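Worksheet for the structure shown next.
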Amino acid sequence: MSAIRPAAVVVLAAGEGTRMKSATPKVLHELCGRPLVGHVLAAARELEPENLVVVVGHAREQVTAHLGATDPGVRTAVQAEQNGTGHAVRMALEELGTVDGTVVVVCGDTPLLRGETLRALAANHSADGNAVTVLTAEVPDATGYGRIVRDGASGAVTAIVEHKDASDSQRAIREINSGVFAFDGQLLADALGKVRTDNSQGEEYLTDVLGILREAGHRVGASVAGDHREIAGINNRVQLSEARRILNDRLLTEAMLGGVTVIDPATTWIDVDVTFGQDAIVHPGTQLHGTTHIGEGAEVGPNTRLTDTTVEAGARVDNTVAVSSHIGPQASVGPFAYLRPGTRLGAKGKIGTYVETKNATIGEGTKVPHLSYVGDATIGDYTNIGAASVFVNYDGKDKHHTTVGSHCRTGSDNMFVAPVTVGDGSYTAAGSVITKDVPPGSLAVARGQQRNIEGWVARKRPGSAAAKAAETASRQGESEN
């Protein structure tokens with residue numbers, strides 16, 4: 001069996017996680033765009049295991065439903081009662097059947113664990129010919145952790161001693177147990193049958209397998225993680241926040257080393273599936289979520305939140321919220337714009353200040369500069385939409401579509417009452433309510449004629465400030481004449 005392709009990876013995700021104080025199962029709490037268990041599965045996938053099984057227990061319906069929707073290749077094993085880590089692994093092996101090869105066991109609440117660390121664990125396990133290899137780390141403060149006790153001559157692990165049971169000399173050890181292991185599958189199955197429950201919790205401890213195998217004459221080894229933060233488990237919201245900061249810094253560092261300028265990493269947050277083109281620039285206060293892509297030389301922020309949105313090369317997005325949208329090359333968006341799902345802005349187009357769009361395709365070079373709503377619409381190329389325009393798409397029951405052609409000029413304060421079409425090259429007058437189709441090349445005027453009723457203020461509002469101002473202005477006009 002290849003060291004980089006174990007027979008199985010078992011993910012322990014059955015715990016209740018009461019310290020999260022949440023209706024959401026602990027392993028489904030999100031971190032940088034993935035739930036905790038999703039990060040662990042992504043690292044496990046890098047090993048290309050023959051089998052990947054998640055042990056579920058508490059709220060298993062929710063966890064299983066999530067796994068089925070996001071990673072249908074994962075198998076699940078049910079631990080109906082949480083009787084310890086050893087019992088959980090035994091449930092996984094019962095689901096898998098006979099396993100011939102390496103079995104890697106990981107915890108479902110360790111989102112910072114890297115695939116390369118697991119690969120090193122599997123490789124060391126194979127190279128050293130161990131029955132079990134424990135992933136360890138050296139930490140600045142080992143208080144509360146199980147200590148790794150090694151044989152001074154061979155370096156083999158002789159024991160894992162819990163903090164409460166450790167002597168003063170053992171408590172001085174800074175190498176700790178991570179709860180992540182690589183086992184010989186057949187030896188693991190045999191040893192789990194010998195694990196006892198005569199402990200304070202009355203549970204089957206997976207760590208007891210190490211002693212059982214060592215007493216049987218098998219070698220127990222260790223593989224040391226390069227960064228002790230990788231093995232940190234998440235038990236409460238404080239730890240979740242700390243892990244988010246670490247992972248976010250890791251993602252931003254990778255982006256910057258790849259040619260992205262991040263002006264202020266401390267106020268920039270990105271998800272694991274966000275991608276960048278070279279020379280992209282991210283300004284402070286920016287959040288990039290989901291599958292967002294920032295193209296080559298594009299500039300986003302400050303104070304911008306993009307979710308599942310593509311910003312193509314050379315575009316500029318400023319103080320904007322966008323969801324499931326597409327911003328074309330060298331386009332401009334914002335400040336203070338809201339792009340709702342289905343927005344597509346063409347190359348060199350503009351969505352300006354206080355503009356909201358939804359399910360709208362806006363063509364190349366077209367501008368919607370300010371104070372407008374464009375919903376359920378198609379706008380052609382090189383058209384200008386006047387300020388304070390509204391695409392009236394909803395009749396109270398159904399949504400309807402508006403089409404505005406190419407090279408159109410629409411006036412300010414226009415209402416386009418869908419369904420309606422404005423043909424190519426047309427103009428509409430300011431203040432118009434467009435309810436009928438406009439033929440190409442036409443000027444549409446849809447407003448009442450202005451009528452001035454002179455003296456109305458003096459008659460209807462006598463003595464008011466307006467009446468006095470009007471009287472003064474009239475006298476000045478008479479004197480000038």
Side-chain angles (χ1 to χ4, degrees), residues 303 318-321 332-340 343 349-358 360 362 366-377 379-380 382-405 407-481:
N303 306 318
D318 180 8
N319 281 270
T320 289
V321 174
S332 171
V333 178
F336 311 118
Y338 180 23
L339 278 57
R340 292 165 59 190
T343 297
K350 177 180 178 64
I351 293 175
T353 305
Y354 299 117
V355 173
E356 179 180 344
T357 61
K358 187 268 295 183
I362 300 169
T366 288
K367 298 178 180 179
V368 187
H370 21 238
L371 301 163
S372 297
Y373 170 70
V374 180
D376 295 295
I379 306 175
Y382 299 100
T383 284
N384 187 84
I385 303 297
S389 293
V390 175
F391 286 60
V392 186
N393 58 334
Y394 185 46
D395 65 7
K397 179 183 177 184
D398 299 311
K399 298 290 181 71
H400 301 279
H401 198 83
T402 295
T403 300
V404 177
H407 299 283
C408 293
R409 299 290 181 269
T410 72
S412 296
D413 195 24
N414 275 192
M415 303 287 129
F416 298 95
V417 183
V420 70
T421 297
V422 178
D424 291 349
S426 294
Y427 282 60
T428 61
S432 291
V433 179
I434 306 299
T435 60
K436 299 178 181 179
D437 289 353
V438 180
S442 300
L443 168 64
V445 182
R447 63 189 182 200
Q449 275 193 321
Q450 181 174 325
R451 182 165 67 98
N452 298 331
I453 303 174
E454 296 188 12
W456 184 90
V457 172
R459 293 193 302 273
K460 298 296 184 180
R461 302 288 187 272
S464 67
K468 293 176 182 177
E471 182 180 1
T472 300
S474 297
R475 289 174 180 172
Q476 289 176 346
E478 291 172 359
S479 63
E480 290 173 358
N481 292 331

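Model, not experiment: these values are computed from the prediction.
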>> If we ignore hydrogens and angles and just use 3.5 Å, is the side chain of R447 paired with the main-chain N or O of A430 as donor and acceptor?
In response: yes
> Between the main-chain N or O of N393 and the side-chain N or O of T402, is there a donor-acceptor pair closer than 3.5 Å?
Replying inline: no
> Any idea how F391 and F416 line up, ring-wise: parallel (<30°), tilted (30 to 60°), or perpendicular (>60°)?
Replying inline: tilted
>> The criterion is side-chain hydrogen bond (donor to acceptor under 3.5 Å, both in side chains); which residues satisfy it with D395, sequence neighbours excluded?
In response: H400
>> How close do S432 and A444 get, counting heavy atoms only, and between which atoms?
In response: OG-O, 3.8 Å
> How close do S372 and A388 get, heavy atom to heavy atom, and via which atoms?
Replying inline: OG-N, 3.5 Å
> Can you check side-chain contact (heavy atoms from CB on, under 4.5 Å) on K358 and D376, steps first, answer last?
Replying inline: CA-CA 6 Å; K358 187 268 295 183; D376 295 295; 2.6 Å; yes
>> Minimum heavy-atom separation for S442 and P439, please, with both atom names.
In response: OG-O, 3.0 Å
> Atom CD in E356, atom CG in L339: separation rounded to 0.5 Å?
Replying inline: 9.5 Å
>> Do Q450 and N452 pair up side chain to side chain, a donor and an acceptor below 3.5 Å, judged on atom types alone?
In response: yes
> Quick one: which of V404, V438, T435, I434 gives a side chain to side chain contact (heavy atoms under 4.5 Å, CB included) with V420?
Replying inline: I434
> Where is the tightest heavy-atom contact between P369 and N384, given as atom of each residue plus distance?
Replying inline: CG-OD1, 3.9 Å
> Could you state the interatomic distance from OG1 (T357) to CD1 (I362), rounded to the nearest 0.5 Å?
Replying inline: 5.5 Å
>> Taking NZ in K460 as the centre, count heavy atoms belonging to other residues, nucleotides or ligands within less than 6.0 Å. Is the count above 12?
In response: no
> Quick one: does R409's side chain have a donor or acceptor within less than 3.5 Å of a partner on G386's backbone?
Replying inline: no
>> Check whether D437 reaches the backbone of T421 with its side chain - one donor and one acceptor, N or O, closer than 3.5 Å.
In response: yes
> Could you state the interatomic distance from OH (Y338) to OG1 (T320), rounded to the nearest 0.5 Å?
Replying inline: 12.0 Å
>> Measuring from atom CD1 of I385 to atom CG of L371, what distance do you get when rounded to the nearest 0.5 angstrom?
In response: 14.0 Å
> Hey, what do you get for OG1 (T353) to CG (N319), rounding to the nearest 0.5 Å?
Replying inline: 9.5 Å
>> Treating S426 as the side-chain partner and L443 as the backbone partner, does any N or O pair qualify as donor plus acceptor under 3.5 Å?
In response: no
>> Minimum heavy-atom separation for S389 and T410, please, with both atom names.
In response: OG-OG1, 4.4 Å
> Shortest non-hydrogen contact from V457 to S464?
Replying inline: CG1-OG, 4.3 Å
>> Once rounded to the nearest 0.5 Å, what's the spacing between atom CD1 of I351 and atom NE2 of H370?
In response: 13.5 Å
>> Given 3.5 Å as the limit, does a donor-acceptor pair link the side chain of S332 with the main chain of K350, or not?
In response: no
